Amino acid sequence: MSAITTAADEQIDYIPLTESDPGTRSRGKRRKRQIRLVLWGVPIIVFILIAIFGPMIVPYDSVTVRTGDRLKSPGTVLRDGSTAWLGTDQVGRDMLAQVLQGARISLLVGAATVVLAGLIGMFVGVIAGYRGGFLDSLLMRLADIQLAFPSIIFAIMIAAVIGPSVVNVIITLAITRWVVFARISRAAVLSVKEQEFVTAARAIGADAPRQLTRHIVPSIIAPLIVIATVEIGLVIIAEASLSFLGLGTPPSQPSWGQTIAQGRDYLNNAWWISTIPGIALCLVVISVGVFGDRLRDYLDPRMQKG
Amino acid sequence: MAHYILQRLLYAVFVLWGALTVIFLVVRILPGDPASMMLGAGATQTEIDALRQNLGLDASLPEQYVSFMSEAARLDFGESLWLRRPVLDSIGERIAATGRLAIAAVILAVAISFPLGIVAALRQRGPIDYAVSVLSLIGQSVPGFWLGIMLILIFARQLRWLPSAGSQTPQHLILPAITLALPLVGVLTRLVRSGLLEVMHEDYIRTARAKGIAPHAVLTRHAMRNMLIPVITVLGIQLGNLLGGAVIVETVFGWPGIGRLLVDAITKRDYPLVQAAILFITTTFVLINLIVDLSYVYLDPRIRLR
């Protein structure tokens, strides 16, 4: 196999995940590990809650321009008596409201893209791995061709043609990310389909759809979930990058990438416009990344760090 | 060995053909007519038709495909509508600038990540090892465009040590090269560390030590060489991400490379230029992977002797 075919974008190989052996691990220990895993997920839950309820509490208004309150630094009391805790932007819009609205878009695009790309990838990968032969070669060569493009370049190309909107960003990024899921699913199916429980199902007369839906797919879900958490971080960064280039969300939907781009012109007198959404972006991506690591350790006991 | 080289060459040609076909199809089949997008909302139908004819978009799809492929093979990409000059000339100028930036970033990344990774592996679980894992997490979580803006804010605007945009002097190279190198540093350091840890437990290392070879010679002559294979594989793939990252970094720092040309061409809706820029970036990526594949012939005796 070649460099292009062996290593997917982010060098994720399929690692067969095994249930931890109940004989060697007491129920109490397992419970402790579960609690620890949930604790690592707390920052993500907090961000999700912020994304859902934040814009309700501090509503974002993309239309009103308040020239008297332009470029105010964080903590300034505005003319109407309210406090701009994170400052205001170049037309006097509240940065806090903008960052909260951006959280909604980032997380929505991240989750929707990964679900869409995951479903497409799983479908292609499972079919390719289960059927094998010509169909398998065809689908996997298609994946190879797509990996010839640096993924952001592929996204830029599609986004430039279909134009900016939140739905289009999700479609664009799903098209650029399905390959990883397809490869992982295919590898997983290849290793699962010859195992005894599948052979047994076949022996008692289960047809292909039943084997796939009842036996094969459920046993490849765990590695896909691990990859999905890794991918969410990459997708959120990709969305921000596209929006930064003006190819992502439209101006009426302020995503973090867009706000950071606007702040570039005001670096001398208003550092907070570019800085604050970027910090939010990094925090989300880091907490998703750390949780992804822990989840992988949890699902695959052999990968645990000492 | 000859068989391996021939196989890799044919594979590269196949992937390149596929990538060209994808570029062709994306521009022509996805919703959104290039001609009307190029002319904007105010264009009349006659103007659109004239441009369609000029671009060859009025021919049937198979006819367009044949002329697209033969033009690409002859490197004849027509004239840029925005710059009013042959596309190939503009691309030639810009590729050199991107090359300088990418080479500087790779040198920087290798110079930082090899020593760090080696120290982290030799002093496992020490403070440097811990710092390395934090650094690699940050390297992969901080989006390049935001990092670039923050470096401009700190080193160009506040401290006034370095220029923020342009490419006139060697100082102009520093900030963009750091921005481009950081994600690579994260990936490479981790890889050098884990590769070295794995290799150091091999029997031939123990043999070398037992023979009384000095520790640094064991490291450089026995361990490093074997560790290089996965490192070079990943470096090849990461160079693709580097080319993608260059699009963003060049936009942030006003670096006159092919990435910025691509973004500008998209804003100006200059389809011949967009098509050619994507084609060049993709071709470069495929060629890099081909070189990586061929370098195994020298690095891995198992291929050479086959």
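Computed from a predicted structure; not experimentally measured. In what follows, chains are A, B, ... by sequence order, proteins preceding strands, each numbered from 1.
- The contact between A:Ile279 and chain B is made by backbone and side chain atoms together, counting heavy-atom distances below 4.5 Å.
- Only the side chain of A:Leu281 comes within contact range of chain B, with at least one heavy atom under 4.5 Å from a heavy atom of that chain.
- With a threshold of 4.5 angstrom between heavy atoms, B:Ile149 approaches chain A through its backbone and through its side chain.
- Between A:Met157 and B:Val22, the closest side-chain pair of non-hydrogen atoms falls below 4.5 Å.
- Of the listed residues (A:Gly246, A:Pro277, A:Gly289, A:Ala240), the greatest number of heavy-atom pairs within a distance under 4.5 Å of chain B belongs to A:Ala240.
- Between chain A and the options B:Gly259, B:Ala277, B:Gly18, B:Ser141, heavy-atom pairs under 4.5 Å are most frequent for B:Ser141.
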Full working for side chain to side chain contact (heavy atoms under 4.5 Å, CB included) between A:Ile145 and B:Phe14: CA-CA 8 Å; A:Ile145 288 170; B:Phe14 162 76; 3.9 Å; yes
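- You'll find the side chain of B:Val142 stays beyond 4.5 Å of the side chain of A:Ile286, heavy atoms only.
- Atom OG in A:Ser274 sits 9.5 Å away from atom CH2 in B:Trp146 (nearest 0.5 Å).
- Taking chain A as the reference chain and counting heavy-atom pairs below 4.5 Å, the highest number among B:Leu16, B:Ile23, B:Thr267 is found for B:Ile23.
- Most heavy-atom pairs under 4.5 Å with chain B, from the set A:Val285, A:Leu283, A:Val284: that is A:Val285.
- Separation of atoms CZ (B:Phe145) and OG (A:Ser243) is listed at 8.0 Å; rounding is to 0.5 Å.
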What's the verdict on side chain to side chain contact (heavy atoms under 4.5 Å, CB included) for A:Ile152 and B:Leu243, showing C-alpha distance, side-chain angles and the deciding distance? CA-CA 9 Å; A:Ile152 187 79; B:Leu243 288 170; over 6 Å; no
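- In this structure, B:Met150 CE and A:Ile260 CD1 are separated by 7.5 Å, a value rounded to the nearest 0.5 Å.
- In terms of modelled atom types and a separation under 3.5 Å, the side chain of A:Arg264 and the main chain of B:Val252 share a donor-acceptor contact.
- With a threshold of 4.5 angstrom between heavy atoms, A:Leu247 approaches chain B through side-chain atoms but not through N, CA, C or O.
- Rounded to the nearest 0.5 Å, atoms SG (A:Cys282) and CD1 (B:Ile138) are 9.0 Å apart.
- Atom CH2 of A:Trp271 is separated from atom CZ of B:Arg157 by 15.5 Å, given to the nearest 0.5 angstrom.
- Using a 4.5 Å cut-off between heavy atoms, B:Val263 touches chain A through its side chain atoms alone.
- Looking only at heavy-atom pairs under 4.5 Å with chain B, the residue among A:Ile153, A:Thr275, A:Leu245, A:Asn268 that has the most is A:Thr275.
- Taking every heavy atom of both residues into account, B:Ala19 and A:Phe149 meet most closely at O-CZ, 3.5 Å.
- Side-chain atoms of A:Phe154 and B:Ile278, non-hydrogen and from C-beta on, never get closer than 4.5 Å to each other.
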